[in-house]
Amino acid sequence: MATERLRELEYQAWNGFLVTHDRLWREIEAGIAPLNVSMAEYSVLALLGEAGRKGMRMSELAQRRLMSTGGFTRLADRLEQRGLIERRRAPGDGRGFEAVLTREGRNLLRKAWRQHYSDLRRLFLDRLDDEHLRNLAEVWARLAPDNEGEETSA
């Protein structure tokens with residue numbers, strides 16, 4: 001049985017997404033590289049920055065980063081060894097751990113945010129008007145895992 005090929009418009013949409021994602025990822029990664037932080041490390045620091053001083057449970061960080069627990073633990077170990085995060089017993093149940101940014105982690109994150117946002121604007125956001133951005137936001141919402149199995153109107 002032959003696999004049905006993509007229509008030209010489908011191919012252009014999919015390929016455009018892949019090429020754009022790869023290009024943006026590489027350029028944004030290169031922008032934060034002088035700060036000695038990888039994209040994986042930056043994404044964890046950014047999640048913790050958004051969580052504020054209360055931090056976030058390690059299990060939630062791993063889930064939000066779409067990483068295995070073991071892989072995430074190794075990443076967290078590196079961040080802790082560099083003095084960027086601190087792990088604490090979770091209040092309440094005492095079984096889990098929470099991660100919080102240290103002062104050094106907050107300082108690094110501020111620098112990384114500045115660079116990341118500058119690069120995002122130059123490479124992506126400044127090239128689109130508000131209508132384009134609203135359309136993209138709608139597309140990403142439709143493709144969110146929460147919407148799997150839901151019928152969408154065309």
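Keep in mind it's a predicted model, so treat the numbers as computed, not measured.
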Using the side chain to side chain donor-acceptor pair (under 3.5 Å) criterion, which residues pair with Arg57? Sequence neighbours excluded.
Asp93
Does [X] reach the side chain of [Y], with side-chain heavy atoms less than 4.5 Å apart?
X: Leu136; Y: Phe124; answer: yes
X: Arg23; Y: Leu123; answer: yes
X: Gln115; Y: Lys111; answer: no

Using every non-hydrogen atom in the two residues, find where [X] and [Y] come nearest and quote the distance to one decimal.
X: Arg87; Y: Phe97; value: CB-CD2, 4.5 Å
X: Arg53; Y: Val100; value: O-CG1, 3.7 Å
X: Val37; Y: Tyr42; value: CG2-N, 3.6 Å
X: Arg122; Y: Asp126; value: N-OD2, 4.1 Å
X: Met56; Y: Leu47; value: CE-O, 3.8 Å

So does [X] have more than 12 non-hydrogen atoms from other groups sitting under 6.0 Å from [atom1]?
X: Tyr117; atom1: OH; answer: yes
X: Arg121; atom1: CZ; answer: no
X: Gln63; atom1: CD; answer: no
X: Glu131; atom1: CD; answer: no

Establish, from distance only, whether the side-chain atoms of Asn135 and His132 form a donor-acceptor pair under 3.5 Å.
no
Output the distance between atom CZ (Arg89) and atom CD (Glu98), rounded to the nearest 0.5 Å.
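Interatomic distance, Arg89 CZ to Glu98 CD, rounded to 0.5 Å: 11.5 Å.
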Can Leu108 and Arg82 be said to form a side chain to side chain contact (heavy atoms under 4.5 Å, CB included), step by step?
CA-CA 11 Å; Leu108 176 63; Arg82 290 177 56 194; 4.2 Å; yes
Kindly write out the residues that satisfy side chain to side chain contact (heavy atoms under 4.5 Å, CB included) with Ala62, not counting sequence neighbours, or none if the list is empty.
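Phe72.
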Among Thr102, Leu61, Asp77, Leu45, find the one that has a side chain to side chain contact (heavy atoms under 4.5 Å, CB included) with Ile85.
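Among Thr102, Leu61, Asp77, Leu45, the one meeting side chain to side chain contact (heavy atoms under 4.5 Å, CB included) with Ile85 is Leu45.
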Check step by step if side chain to side chain contact (heavy atoms under 4.5 Å, CB included) holds for Asp119 and Glu27.
CA-CA 8 Å; Asp119 288 343; Glu27 292 193 42; over 6 Å; no
